[in-house]
Structure formats: C-alpha cells, structure tokens
Amino acid sequence: MSVRVRFAPSPTGTLHVGGARTAIYNWAFARRNGGAFILRIDDTDPERSTQENTEQILRSMRWLGLDWDEGPEVGGDHGPYFQTQRSVNYDRALATMKENGSTYPCFCTAEQLAAKREQARTPGGFSGYDRTCRSIEPAVAAERIAQGAPHVWRLKVPDDRGVIVVDDAVRGDTEFPAEVMDDFVLVRTDGTPTYNFATVVDDADMEITHVIRGDDHLANTPRQIMVFEALDRPVPHFAHLSMIWGPDGKKLSKRHGATAVEAYDEMGYLPEALLNYLALLGWSLDGETTIVTPEALKENFSLDRISKNPAIFDAEKLEWMNGVYIRELSDEQFVERMLPWLERAGLATKADVEARHDWYLSMAPLVSERTKRFDEIAEMVRFLFEEPEIDDRAREKALQKEGVANALAVTSETLSATAFDAAAIEAALRSVPETTGLKPKIVFQAVRVAITGSTVSLPLFESLELLGKERTLDRIAAAQALAD
RNA sequence: GGCCCGUUCGUCUAGCGGUUUAGGACACCGCCCUCUCAAGGCGGAGAUCACGGGUUCGAAUCCCGUACGGGCUACCA
C-alpha cells in the first residue's frame, strides 16, 4: 500500500515555522517513499478562518518548495480539500455510526456540562462526560429529536475496549486506558463536526496511511482511533512531533521575533536555508551533517530519526545557515536574488542590471561572502550608487591623522595615472605608504573612508574598480578637505 | 484532579549495554590569513548525560520512583 500523508493547516493564521516543519516532514516522507503529499485546509472554524490566511499558507508552502500532489489549486480524486466542503462525508460517517450503534444523541446543555466538569475535577479521578444521555432509550431519544430538542452526537466508547495503543513512530507504542476516555462530541448542535471527528473522517476517506502532526494531538489520538474503529476503517500510523519553543523555553510567539514563514522571505532568507534549518530542528541525518539540501532531504528523511524532545528556535544558527546557502549561489543567481533588495532601497533597477550586467556580476562575489541576509546588502553597496556621508567617527579615526591629507593627494596623483582594475589599483595604492612614510593601514583606511564613508567596507581595491576612476578621484579630493 | 509525553555542552543534536577521556554544528574565546569587515584554516573553553534507586561483570543507553517542563482532559483546532 503506497504512502499517503497530509498536512492539514487551519487557516486561522499564517503558516508559522512550527506548521512549516510539520509540512516539511510530511512532504519529505512522501517524497522519500514515493507516496502522495496531500494538502487539506481544515477550515471548520468559521469565526477565525479567512481566505487571506489560506492564500498566504499556500504561498508560503510554494516559497519553501513544498509541492503537493493533491489539494487546493491542484485537485485530486479525494477532494474537495476544504473541510467546509466535505459535509456529505461527515453526514455519511455519522449515519454509519448511528447504524452500528457507536454514537448516541446527548441533550445535556452547556451549563449542565460545565457544572459537571467543575464537580468532577477533584481528587480521585475521572473528569469526562458522565454519560447521562447514554442510558436514554433510543426510541425516547428519537422522539425528542423529532420534537426538535437540541442535541449533539457523542462517541459511545465501547465498554470492553480495554487499552488503546497508539503506534507512534517517534515515541513508540503509547498506551491509554479506555476507561479514562470521554464519550466526546462528534457532531455539534448545529450539525457541524468537531475537529476529532472531521479529521478522522477525512483521513479515512483520503486513505491517509501516516499521520505526521504536532505533539498537541497525541492525547487526542486514542479518541480518534476509536472513531476509525467505529467507522470500520484502517487506523493509520502516527508520528507526533514535539513543539518548537522560543528562546525563553516558552511557546513560540511574535514576542520572539518572526514566526510567520513569509516574514523570513521578507528578511532576506533563502527558502532552502529555512527548509534545511527547520528540517534539522527535530530531525537529524546522522548527527554530523548540517547542510541538508531539499534533494538530500527527499532522499534521506525518515521518521525514526525524529527526536522526541522539544526544540528551541535558534535564529542565529538559521542566519549562519542562510549565509552558507548564499555563498553557494552562483554570481548570476546572486545578482538575480539581490536585485529586488536593491530596488527596494532605491539603488538599482532591473533595467540597470541588464545594461551593466558584468558590473553587477563582479560585485557578487565581494558581497555574497559577507551577507547573511539579503536585507543587509543595500547598506554594503550603497556607496557604489550614492555619495557617501562621512560621519564624525570615521573622519576622526581615519582622516584626521598626521600626514593623511598629503597621502590622499599622493594617492590621487598615482591613481590618476593607473589603469583601473583591482590589480593595478593595488599596486598603485601600495606605493603610497612608501613615498609618504605612513603605514599601509593608515593610508588604506583613509582611502576607504574617503570613498565609502565608513571604516568597514567591501575590499578596497575591488571597491575602487567598481566605483570607477572618476568618482574615486572626486571622493578622494572631497576627503582631502576633511583630512589632517 | 486524571491521563499522556519529554529531560545529553548556552542552543540544535549524535549516542540505541562495553569501540566514549560523551562526537558534530551554531554561538563564544584565541591564533593564522589579511587593506577594514567577512569568508576560510587551526586550536580552546563548554555536558558530574535532570535527580535518586535498582538490573548487570559493565548504563547516557534497560527498569522503577522523584523533580521540573509540556500536552490533553471544549459543542477550538
């Protein structure tokens, strides 16, 4: 039987890193096993579900490179893929359960239930529904329903069920005594299914073989297993993933910085880097390998190497990893990726990149080596597009030193007589310390500040080449006025 | 209250009874390279494997408790 897995986000929010990791594991597992990856939108909460969220989730999935075989926008023969459109399936499942007696109507009011819960949660034990309505004669119940009495449908936990074993790939067999299982609600008063019912019906109808999802569902799994059994459908395998926490060990939230996948795109992360980082946050290839490309993940992912314990999201490691992926980009790719960021900063245009392609290409290796995120680039290359502003600190440190004005004059003179490629520029600049008696560092830093406005910049000789002779000489002249 | 899960360097993890003086990665520190910043190379510090009992010739690894953290216990998902 071929593998079928699903990712079933609820569009009550955006796709966040926790959900993304779940999606990644499902996707990788499907790809590794030649199975199908299904995307289903669990939009049964009409209050909080929105179209925008759904669209953003799909966008984030695509951005990460997670392609699905069945689901919104791609179709499939197990649709529809929105729970709000699957009511016939839930109705049919409930009908099956009514027929085989595994469900019963409950007429208790919310107030009664709340009171019972309050009372039951005391030293000693069971706190679930007390099964009051279970003893109502079917004929009597039918009569009340016919008269329009509000009611829900509950699962009738079999009296002889015994221990329910959850076959979990991450934690091993986990046992739950059936006697602590509640006769939980399957269908609400308004006729809509609850999560634990809808999920099972859909997983059964979509022939899901492996349910890979968050840890928060583990305790609900025995309930869901009983629904599979009541429906006489095969119980899938499970794998429950531990949560991702914020740096303080608490639930990951906006307080900790970005949680939405889309935010990482906006900060200049490469999707491959986020995918790699998230994949390794709770799964390992061999304990040694840290760079796992999407291709490697598709070939090597396995459920048995998922770790049991929760993980703290480490933004610094993600940044490092992003740098690794950025450095692996070809110059061509780098320029392509860099363009939107330069456009956003008002420094470059697509037309300019096309017109001076080689110039941008030669910039790439200098910049890519120093970037961890694309949103840092604009400041690094701004001096190539705009006149630099030399701040007081840089002026003091690099320009207002004994002999610097003279050194800049000499530099200007020698540069005006050289060809403008990095090697020639270097030779020219290295002659300046000799003729002026200043240390090379002093000279170079003065030139750096003159042309970039900062004591920290891209490599000097290459920077001058990129700037061009004319602008270089202009800036040195301007800096002379500020020197000594 | 009940049921369930988790606990190895600051962080992510390797480890699945002896090959371990507990390995790798990020971060940190030092050195090298060097025109600054990076990148890279080399090295360092950092974990009494939550704690306490067992089992065993031998335990981070198996068992039982305890502590701490988390989840579920909704007509939320």
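Each chain gets a letter, A, B and so on, in the order the sequences are listed, and its residues count up from 1.
For the pairing with A:Ile24, the side chain to side chain contact (heavy atoms under 4.5 Å, CB included) check across A:Ile212, A:Leu281, A:Leu278, A:Leu274 returns one residue only, A:Leu278.
On a pure distance criterion of 3.5 Å, a polar donor-acceptor pair joins the side chain of A:Arg370 and the base of B:C37. In this model, a side-chain donor or acceptor of A:Thr189 finds a partner on the base of B:C75 within 3.5 Å.
Across B:A77, B:G6, B:C37, the shortest atom-to-atom separation from the side chain of A:Val456 is found for B:C37. In the set B:G15, B:C3, B:C72, the nucleotide with an atom closest to the side chain of A:Arg223 is B:C72. Here the side chain of A:Arg327 is nearest to one of B:A39, B:C75, B:G24, namely B:A39. In this structure, the nucleotide among B:C5, B:C26, B:G71 sitting nearest to the side chain of A:Trp320 is B:C26. Comparing B:A77, B:U36, B:C75 against the side chain of A:His217 picks out B:A77 as the nearest. With B:A25, B:C35, B:C12 as the candidates, the nucleotide lying closest to the side chain of A:Glu462 is B:C35. Of the candidates B:A77, B:C75, B:G24, the closest approach to any side-chain atom of A:Glu288 belongs to B:G24.
Note on A:Leu281: only backbone sugar-phosphate atoms sit closer than 4.0 angstrom, heavy atoms only; bases stay farther off. Within 4.0 Å of A:Leu429, counting heavy atoms only, lies no atom of the nucleic acid at all. No contact: A:Pro247 has no heavy atom under 4.0 Å from any strand. Nucleic acid contact for A:Trp283: none, since no nucleic acid atom lies under 4.0 Å from a heavy atom of the residue. Nucleic acid contact class of A:Gly282 (heavy atoms, under 4.0 Å, all strands): sugar-phosphate only. In this structure, A:Glu175 reaches the sugar-phosphate backbone alone: every heavy-atom distance under 4.0 Å involves primed, P, OP1 or OP2 atoms, never a base. Across all strands shown, A:Asp286 has heavy atoms under 4.0 Å from sugar-phosphate atoms exclusively, and none from any base. Among the heavy atoms of the strands lying under 4.0 Å from A:Phe461 is at least one base atom, whether or not backbone atoms are also near.
Spacing between B:G69 and B:G53 at atom C1', rounded to whole Å, works out to 23 Å. With both ends at atom C1', the span from B:G30 to B:U21 equals 23 Å, rounded to whole Å. Comparing the C1' positions of B:C29 and B:G10 gives an interatomic distance of 14 Å, to the nearest angstrom.
Using a 4.0 Å cut-off between charged side-chain N and carboxylate O, A:Lys372 and A:Glu376 make no salt bridge.
Contact annotation: A:Thr44 reaches the phosphate of B:A77 (side-chain N/O to OP1 or OP2, under 4.0 Å). Within the 4.0 Å cut-off from OP1 or OP2 of B:U36, at least one side-chain nitrogen or oxygen of A:Lys441 is found. For B:C35, one of the phosphate oxygens OP1 or OP2 lies less than 4.0 angstrom from a side-chain nitrogen or oxygen of A:Arg430. The side chain of A:Ser307 places an N or O atom within less than 4.0 Å of a non-bridging phosphate oxygen (OP1 or OP2) of B:U13. At B:C72, none of the side-chain N or O atoms of A:Asn196 fall inside 4.0 Å of OP1 or OP2 (strictly under the cut-off). The shortest distance between the side-chain N/O atoms of A:Ser242 and the OP1/OP2 oxygens of B:G6 is not below 4.0 Å.
As rounded to whole Å, 14 Å separates atom P of B:C4 from atom CG of A:Asp173. Summarising the geometry, the separation between OH on A:Tyr129 and P on B:U73 is reported as 18 Å, rounded to the nearest angstrom.
For the pair A:Arg40 and A:Phe82, the NZ or CZ position fails the cation-pi test of under 6.0 Å to the six-membered ring centre and within 45 degrees of the ring normal. Cation-pi check for A:Arg213 over A:Phe238 is not met; the charged atom does not lie both under 6.0 angstrom from the ring centroid and within 45 degrees of its normal.
Residues A:Phe313 and A:Trp245 keep their aromatic ring centres 6.0 Å or farther apart.
In this structure, A:Phe374 and A:Trp341 have parallel ring planes: the angle between them is below the 30° cut-off, well short of the 60° mark.
When each of A:Thr174 and A:Arg305 is assigned the nucleotide of RNA chain B with its nearest heavy atom, A:Thr174 is the one assigned upstream, toward the 5' end.
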